[in-house]
There are 2 protein chains.
Amino acid sequence: MNELQKRLETYKRLGLKLTPQRLAILEYLENTREHPSAEDIYNALKDRFPSMSFATVYNTLEVLIEKGLVKELSIDSSKKRFDPFLHSHHHFICKQCGKIFDVERNFDILIPEELKEFEVSDFQVVFSGLCPTCKKK
Amino acid sequence: MNELQKRLETYKRLGLKLTPQRLAILEYLENTREHPSAEDIYNALKDRFPSMSFATVYNTLEVLIEKGLVKELSIDSSKKRFDPFLHSHHHFICKQCGKIFDVERNFDILIPEELKEFEVSDFQVVFSGLCPTCKKK
DNA sequence: TGACAAAATAGAAAGTGTTTTTATATTTAA
DNA sequence: TTAAATATAAAAACACTTTCTATTTTGTCA
């Protein structure tokens, strides 16, 4: 089964309608590690879909998030970033260029005592500083 | 030395001009643990300063951040939140009501091997889930 | 204290990123 | 094949943030 068929399967399984735009967005997300913003996605696809609108990008992202295929990141305070990697991982954001990198190591963090009245479902570690490229400058 | 005098000192030391608006913003920030947004600050102060504009709130925050008196949080993807607590601490965000809580426990996190080419200056742990109030519902 | 220069303010306008709306087109299921 | 459901493009609405400029305020120094 090739990649396209897998995507089709995934969509069907979730009861989503198959549209070329949606497939293209999913394909783009699956093939990048750039944690793109909605605009990045739009720009990447507008050559293939010159008539595509932002609404489609946002609508599709909303559906994908709802279905659990994509996560929304709140790491960049100027805009939302999207992440199709579902396995547990963390991030590094460069204070200079804004790029986000995956940090795949796991951290053994105990839920602190002060959160015992809370229902903690997840935690995220976000490192910040300079990426290798910006560090050299 | 009372609180007001301390604030005056802090401002003077940093070479900032003392304006009633700035003092009020600093005072408000020092007395809340709500991690307010710019709008929260504006709303909290508009009774005392009916003519105040958002520009002043944002300008002042910018200066305070620059001088290191306040930190900008990127935890809430819909808007910026501001935090005047400078000691090292982490956060919990409620997925339901959006409230942000401080987590004061320290975590011994080693900089992972995969970031050895990076310059890591900080890390933040963000827990998420339901706060005690939303958990009950 | 009064005057001056530098800096901050208010208010409005413009800029981003995101969401909603509406009419039309496409997809899916029967 | 057709009806119903859903997705689409395009524009408008929206929320948050930044920028601009004339006016006011602040700190400094005579």
- Nearest-Å distance for atom pair OH/P, residues B/Y11 and C/dA7: 16 Å
- chain A on DNA chain D: first and last contacting nucleotide, 5' to 3', under 4.0 Å to a heavy atom? D/dA5 to D/dA10
- Taking for each residue the nucleotide of DNA chain C with the nearest heavy atom, is it B/R22 or B/A55 whose nucleotide lies nearer the 5' end? B/R22
- Compare the minimum distances between each of C/dA6, C/dA10, C/dG17 and the side chain of B/M52, then state the nucleotide with the smallest one. C/dA10
- Task: Consider only side-chain heavy atoms of I, L, V, M, F, W and Y, link residues closer than 4.5 Å, and tell whether A/F107 and B/V125 are in one cluster.
- Result: yes
- Counting any heavy atom closer than 4.0 Å, what does B/E39 reach on the DNA or RNA strands: base, sugar-phosphate only, or nothing? sugar-phosphate
- Check the side chains of A/K46 and A/S51 for a donor-acceptor pair under 3.5 angstrom, ignoring hydrogens and angles. no
- Show your working on side-chain contact (heavy atoms from CB on, under 4.5 Å) between B/F127 and A/D122 and close with a plain yes or no. CA-CA 6 Å; B/F127 295 89; A/D122 191 27; over 6 Å; no
- Message: Given the ring of A/F85, does A/R33 sit roughly above its face, with NZ or CZ under 6.0 Å from the centre of the six-membered ring and within 45° of the axis?
- Response: yes
- Task: Please assess B/D76 against B/R81 for the test salt bridge (charged side-chain N to carboxylate O under 4.0 Å, His left out), listing each intermediate value before the final yes or no.
- Result: CA-CA 7 Å; B/D76 181 341; B/R81 305 281 212 105; 3.2 Å; yes
- May I ask you to decide if B/E104's main-chain N or O and A/E114's side chain share a donor-acceptor pair within less than 3.5 Å? yes
- Query: Looking across every strand, which nucleic acid part, if any, lies under 4.0 Å from A/S37 by heavy atom: base, sugar-phosphate, or nothing?
  - Reply: nothing
- Mind checking whether B/H90 and B/F123 have parallel, tilted or perpendicular rings, split at 30° and 60°? parallel
- Which whole-number value in Å describes the distance from A/D40 CG to C/dT18 C1'? 15 Å
- Task: Take atom CG of A/L61 and atom P of C/dT20, then tell me their distance rounded to the nearest Å.
- Result: 14 Å
- Would you mind reading off the distance between B/L16 atom CG and C/dA7 atom P, rounded to a whole angstrom? 12 Å
- Item | Spacing between A/E62 atom CD and C/dT21 atom P, to the nearest angstrom | 12 Å
- Message: Using a 4.0 Å heavy-atom cut-off, does B/K79 contact any base of the nucleic acid, only the sugar-phosphate backbone, or nothing at all?
- Response: sugar-phosphate
- Query: Closer than 4.0 Å, any side-chain N/O of A/Y58 to the OP1 or OP2 of C/dT18?
  - Reply: yes
- Item | Gap between atoms CG and P, on A/N59 and C/dT18 respectively (whole Å) | 14 Å
- Query: In whole Å, what is the span from the CD1 atom of A/I41 to the P atom of C/dG17?
  - Reply: 14 Å
- Message: With a 4.0 Å limit, can you tell me whether A/Q21 has a side-chain N or O closer than that to the phosphate oxygens OP1/OP2 of C/dT26?
- Response: no
- Query: Given the rule that I, L, V, M, F, W and Y join up when any side-chain heavy atoms are under 4.5 Å apart, are B/Y28 and B/V70 in one cluster?
  - Reply: yes
- Would you please confirm or rule out a distance under 4.0 Å between OP1 or OP2 of C/dT19 and any side-chain N or O of A/K80? yes
- Message: For B/S78 and A/T19, find the nucleotide of DNA chain D closest to each by heavy atoms; which residue's nucleotide sits nearer the 5' end?
- Response: A/T19
- Nearest of C/dT27, C/dA12, C/dT9 to any side-chain atom of A/P20? C/dT27
- In whole Å, what is the span from the NZ atom of B/K46 to the P atom of C/dT9? 19 Å
